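Taking it in order: structure first as structure tokens, then the write-up.
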Amino acid sequence: MDVLGNYKSVISARSTDKDITKKSQDGGIITTLFAYALEEGIIDGAIVAGPGDEPWKPEPVVATTKAELLAAAGTRYTISPNLNLIKEATRSYGLDRVGIVGTPCQMQAVRKAQLYPIGMRDVDDKIALALGIFCMENLSYQALEAIVEDHCNQKMESVKKMDIGKGKFTVYTERGAVSQMPLKLLSKYVQPGCNVCLDYVANLADISSGSVGSPDGWSTVFVRSMKGNAVWDGAIAADLFETKPMDQVKPGLDLVTKLATEKITKNQKNVDARKTFGLKADGTAKGLRNPYETP
Ligand SMILES: Cc1cc2nc3c(=O)[nH]c(=O)nc-3n(C[C@H](O)[C@H](O)[C@H](O)COP(=O)(O)OP(=O)(O)OC[C@H]3O[C@@H](n4cnc5c(N)ncnc54)[C@H](O)[C@@H]3O)c2cc1C
Ligand code: SF4
């Protein structure tokens with residue numbers, strides 16, 4: 001099973017831009033690559049998860065400046081429907097070269113819109129850079145509130161950063177408190193749709209990035225497509241990243257492979273179980289829909 005997808009290279013990296021690493025979730029890979037791509041004219045805007053009306057509730061935005069990218073840096077562990085803007089980006093925003101960041105499912109949606117553009121005129125050839133973030137599971141906003149306010153006993157508005165890692169959901173407040181919830185309590189809050197997801201490391205992105213595998217403050221980066229490769233090489237030549245070979249960092253690629261395998265194996269079982277979920281009146285199995293099969 002090819003759980004990590006196709007890639008040209010995998011590197012541990014962090015941004016050399018301190019303004020970005022102060023705000024980014026991990027090594028600031030996404031914000032740095034978009035800022036570089038904007039400056040170089042590779043993209044003329046990027047769809048990112050900007051700040052919304054409520055604390056930690058993202059609102060997709062088209063960022064056309066580094067300041068807007070910085071305002072959207074960091075992870076919000078709740079749905080941000082970034083694809084909602086993909087068509088509009090080529091309409092009222094007038095973009096010809098669209099950047100977009102998203103979870104593995106959102107990268108799948110981008111590629112599907114390019115290959116089967118149903119109601120997506122002009123979108124396919126205007127996607128200039130699709131950056132993926134690793135994703136084990138996602139949460140509704142209400143679920144996130146319950147975790148932060150009930151389990152971690154903190155107010156959403158006083159939280160500075162949230163992080164999932166080392167078996168814990170961790171909340172850091174502006175005033176320096178650190179509260180945690182064991183990840184084994186997370187499963188009842190997970191978006192049900194995530195239980196049939198078979199991609200952990202954004203296999204369909206041009207470049208994908210996550211924290212797992214690399215030390216704190218660094219990211220694990222998969223450079224996947226020709227386009228991704230060209231952008232990555234340009235950013236390296238411009239000294240935008242410090243890098244280390246993946247086989248020289250701990251915990252390294254073995255942990256990424258282990259987590260990807262666990263996610264896909266567990267969720268493949270859920271996909272299979274849907275086939276025989278119910279019973280027809282005659283006692284034979286009646287299944288639920290499987291989006292990976294043609295009906
Ligand atoms: C729901 C979720 C689950 C994740 N699970 C894992 C995991 O299991 N293992 C792992 O290694 N990494 C996971 N990540 C990715 C990780 O948290 C970081 O997003 C990633 O390492 C990029 O960090 P960075 O410093 O390079 O990016 P930054 O420079 O901080 O940029 C992050 C970009 O992601 C965008 N973004 C933030 N929240 C969302 C969202 N909800 N939906 C779409 N875009 C968003 C921001 O707008 C920003 O442009 C998860 C992220 C999310 C959103
Ligand atoms: S687990 Fe899969 S379906 Fe759920 S948000 Fe992450 S990538 Fe999307």
Side-chain angles (χ1 to χ4, degrees), residues 12-15 17 19-36 46-52 56-63 66 68-85 99-110 129-141 143-144 161-167 169-170 183 186 189-205 207-214 216-222 241 251 255-256 259-260 262-264 266-267 270 291:
S12 190
R14 81 171 165 197
S15 176
D17 185 330
D19 290 338
I20 292 179
T21 49
K22 254 188 258 158
K23 290 221 61 206
S24 65
Q25 186 72 14
D26 299 305
I29 310 302
I30 307 296
T31 306
T32 304
L33 285 173
F34 277 151
Y36 166 75
I47 305 171
V48 291
W56 293 93
K57 190 172 196 172
E59 178 70 34
V61 293
V62 175
K66 187 175 171 190
E68 286 168 329
L69 289 172
L70 276 172
T75 300
R76 259 78 69 204
Y77 287 103
T78 184
I79 316 286
S80 177
N82 293 356
L83 267 291
N84 280 0
L85 282 180
I100 182 163
V101 61
T103 48
C105 57
Q106 294 178 323
M107 292 298 106
Q108 290 171 16
V110 169
L129 187 61
L131 301 181
I133 49 184
F134 303 179
C135 179
M136 186 58 84
E137 63 246 316
N138 209 344
L139 305 161
S140 67
Y141 187 68
L144 185 66
K161 183 170 183 172
M162 297 181 199
D163 199 23
I164 293 183
K166 302 184 184 106
F169 191 105
T170 306
L183 278 189
L186 196 75
Y189 293 111
V190 169
Q191 274 291 115
C194 295
N195 294 326
V196 295
C197 173
L198 305 175
D199 185 347
Y200 179 51
V201 288
N203 295 357
L204 297 186
I207 298 176
S208 54
S209 162
S211 59
V212 162
S214 289
D216 288 349
W218 288 69
S219 296
T220 301
V221 182
F222 290 94
F241 294 109
L255 182 62
V256 189
L259 293 179
E262 281 173 11
K263 172 176 177 175
I264 293 163
K266 174 170 75 77
N267 288 349
N270 295 332

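Here the structure is a predicted model, which is why all the values come from computation and not from measurement. We count ligands from 1, going down the list as the structure has it; atoms in each ligand are counted the same way.
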TODO: Please determine if atom 4 (Fe) of ligand 2 has an N/O/S atom from Cys105 lying under 2.8 Å away.
DONE: no
Task: Any donor-acceptor pair under 3.5 Å from Asp199 side chain to Val201 backbone - done: yes
Task: Minimum heavy-atom distance between Arg14 and Gly217, given as atom pair plus value - done: CB-O, 3.6 Å
Task: Shortest protein heavy-atom distance from atom 36 (N) of ligand 1, along with the residue and atom involved - done: Ala49 CB, 3.7 Å
Open item on the list: Quick test: of every protein heavy atom, which one is nearest to atom 22 (C) of ligand 1, and how far off is it to 0.1 Å?
Closed with: Ile133 CG2, 3.8 Å
Task: Audit row: Phe34, Ile47, side chain to side chain contact (heavy atoms under 4.5 Å, CB included) steps and yes/no - done: CA-CA 10 Å; Phe34 277 151; Ile47 305 171; over 6 Å; no
TODO: May I ask you to identify the nearest protein heavy atom to atom 6 (Fe) of ligand 2, giving residue, atom name and distance to one decimal place in Å?
DONE: Cys135 SG, 2.3 Å
Task: Atoms of ligand 2 close to Met136 [distance to a heavy atom under 4.0 angstrom, numbered from 1] - done: 1 (S)
Task: Ligand-side contact atoms (ligand 2) for residue partner Pro104, heavy atom cut-off under 4.0 Å - done: 7 (S)
- [ ] Have a look at Ser15 and tell me which of Asp26, Thr32, Thr31, Thr21 forms a side-chain hydrogen bond (donor to acceptor under 3.5 Å, both in side chains) with it.
- [x] Thr32
Open item on the list: What I want to know is whether Ser80 and ligand 1 share at least one N or O pair that is separated by under 3.5 angstrom.
Closed with: no
TODO: State whether a side-chain donor-acceptor pair under 3.5 Å links Ser80 with Asn82.
DONE: yes
Task: Shortest non-hydrogen contact between Tyr200 and Pro104, atoms and distance - done: O-CG, 3.7 Å
Open item on the list: I need the atoms of ligand 1 closer than 4.0 Å to a non-hydrogen atom of Gly28, numbered in the order shown.
Closed with: 24 (P), 25 (O), 26 (O), 29 (O)
TODO: Output the list of atoms in ligand 1 that are nearer than 4.0 Å to some heavy atom of Ser24, sorted by atom number.
DONE: 25 (O), 28 (P), 29 (O), 30 (O)
Open item on the list: Suppose I only count heavy atoms of Ser209 and a 4.0 Å limit; which atoms of ligand 1 are within that range?
Closed with: 20 (C), 21 (O), 26 (O)
Task: atom 4 (C) of ligand 1: nearest protein contact (heavy atom, Å) - done: Phe134 O, 3.3 Å
- [ ] Over all heavy atoms of both residues, which pair between Ala13 and Val221 is shortest? Give the atoms and the distance, please.
- [x] CB-CG2, 4.1 Å
Open item on the list: The test is side chain to side chain contact (heavy atoms under 4.5 Å, CB included); show your working for Tyr77 and Asp163 and say whether it passes.
Closed with: CA-CA 8 Å; Tyr77 287 103; Asp163 199 23; 3.5 Å; yes
Task: Donor-acceptor contact below 3.5 Å, side chain Ser208 vs main chain Gly132 - done: no
TODO: Give the residue and atom name of whichever protein heavy atom lies nearest to atom 2 (Fe) of ligand 2, and the separation in Å to one decimal.
DONE: Cys197 SG, 2.3 Å
Task: ligand 1 N/O within reach of Lys23 N/O, cut-off under 3.5 Å - done: no
Open item on the list: Determine whether a donor-acceptor pair (N or O, by modelled atom type, separation under 3.5 Å) exists between the side chain of Asn267 and the backbone of Cys194.
Closed with: yes
Task: Verdict with supporting geometry, Phe169 and Leu139, side chain to side chain contact (heavy atoms under 4.5 Å, CB included) - done: CA-CA 12 Å; Phe169 191 105; Leu139 305 161; 4.2 Å; yes
Open item on the list: For Met107 versus Ala130, what's the shortest heavy-atom pair and its separation?
Closed with: SD-CB, 3.7 Å
Task: Minimum-distance protein heavy atom relative to atom 5 (S) of ligand 2 - done: Asn138 CB, 3.4 Å
Task: Taking atom 48 (C) of ligand 1 as the reference point, the nearest protein heavy atom with its distance - done: Ala72 O, 3.4 Å
- [ ] Would you check whether Glu137 reaches within less than 4.0 Å of ligand 2, judged by its heavy atoms?
- [x] yes
Open item on the list: Test of understanding: given a 4.0 Å heavy-atom threshold, classify the contact between Glu137 and ligand 1 as side chain, backbone, both, or neither.
Closed with: backbone
Open item on the list: Considering non-hydrogen atoms of the protein only, which is the closest contact for atom 35 (C) of ligand 1, and what is the distance?
Closed with: Val101 CG1, 3.9 Å
Open item on the list: So for Tyr200, does at least one of its heavy atoms come nearer than 4.0 angstrom to any atom of ligand 1?
Closed with: yes
TODO: Please confirm whether Pro58 comes under 4.0 Å of ligand 1, counting heavy atoms of the residue only.
DONE: no
Open item on the list: I'd like to know if the side chain of Lys263 reaches the main chain of Cys135, judged simply by a donor and an acceptor atom lying under 3.5 Å from each other, with no hydrogens or angles considered.
Closed with: yes
TODO: Report the nearest protein non-hydrogen atom to atom 19 (O) of ligand 1: residue, atom name, distance rounded to 0.1 Å.
DONE: Thr75 OG1, 2.9 Å
TODO: Could you tell me whether the side chain of Gln25 and the main chain of Met162 form a donor-acceptor pair under 3.5 Å?
DONE: yes
TODO: Please say whether Ala73 places an N or O atom under 3.5 Å from an N or O atom belonging to ligand 1.
DONE: no
TODO: Could you go through the side chain to side chain contact (heavy atoms under 4.5 Å, CB included) check for Thr75 and Ile133 one step at a time?
DONE: CA-CA 10 Å; Thr75 300; Ile133 49 184; 5.7 Å; no
- [ ] Indicate, as side chain, backbone, both or neither, the part of Thr31 found under 4.0 angstrom from ligand 1 when only non-hydrogen atoms are considered.
- [x] both
- [ ] Check whether any N or O atom of Ile29, backbone or side chain, sits under 3.5 Å from an N or O atom of ligand 1, and answer yes or no.
- [x] yes
Task: For atom 38 (N) of ligand 1, closest protein heavy-atom neighbour - done: Arg76 N, 3.1 Å
TODO: Run the contact test for Asn82 against ligand 1 with a 4.0 Å cut-off on heavy atoms, strictly below, and give the result.
DONE: yes
Open item on the list: Looking at every heavy atom in both Leu83 and Ala109, which two are closest together, and how far apart are they?
Closed with: CG-CB, 3.8 Å
Task: Protein contact of atom 1 (S) of ligand 2 - nearest heavy atom, named by residue and atom, plus distance - done: Lys263 NZ, 3.4 Å
TODO: Please examine the side chains of Lys166 and Asp216, heavy atoms only from C-beta on, and report whether any two atoms are closer than 4.5 Å.
DONE: yes
Open item on the list: When you measure from the side chain of Lys23 to the backbone of Leu70, do you find a donor-acceptor pair of N or O atoms at a distance under 3.5 Å?
Closed with: yes
TODO: Select one of side chain, backbone, both or neither to describe which atoms of Gln106 lie under 4.0 Å from any atom of ligand 2, heavy atoms only.
DONE: neither
Open item on the list: Using a 4.0 Å cut-off to any heavy atom of Asn138, which atoms of ligand 1 qualify?
Closed with: 1 (C)
Task: Per-atom contacts, ligand 1 versus Gln106 - under 4.0 Å to a heavy atom - done: 43 (C)
TODO: Heavy-atom contacts with Gly27 under 4.0 Å: which atoms of ligand 1 show up? List them by number with element.
DONE: 25 (O)
Open item on the list: Can a side-chain donor-acceptor contact be found between Thr220 and Ser214 if the only test is distance below 3.5 angstrom?
Closed with: yes
- [ ] Considering heavy atoms of the protein only, find what lies nearest to atom 37 (C) of ligand 1 and give residue, atom and distance to 0.1 Å.
- [x] Gly74 O, 3.1 Å
- [ ] Can you pull out the closest protein heavy atom to atom 4 (Fe) of ligand 2? Residue, atom name and distance to 0.1 Å, please.
- [x] Cys194 SG, 2.3 Å
Open item on the list: Need the ligand 1 atom indices (1-based, order shown) with element for anything under 4.0 Å from a heavy-atom of Ser211.
Closed with: 10 (C), 11 (O), 12 (N), 21 (O)
Task: Selection from Leu255, Leu259, Val48, Asp26 by shortest heavy-atom distance to atom 49 (O) of ligand 1 - done: Val48
- [ ] Could you tell me which non-hydrogen atom of Gly213 sits nearest to which non-hydrogen atom of Val256, and how far apart they are?
- [x] CA-CG2, 3.9 Å
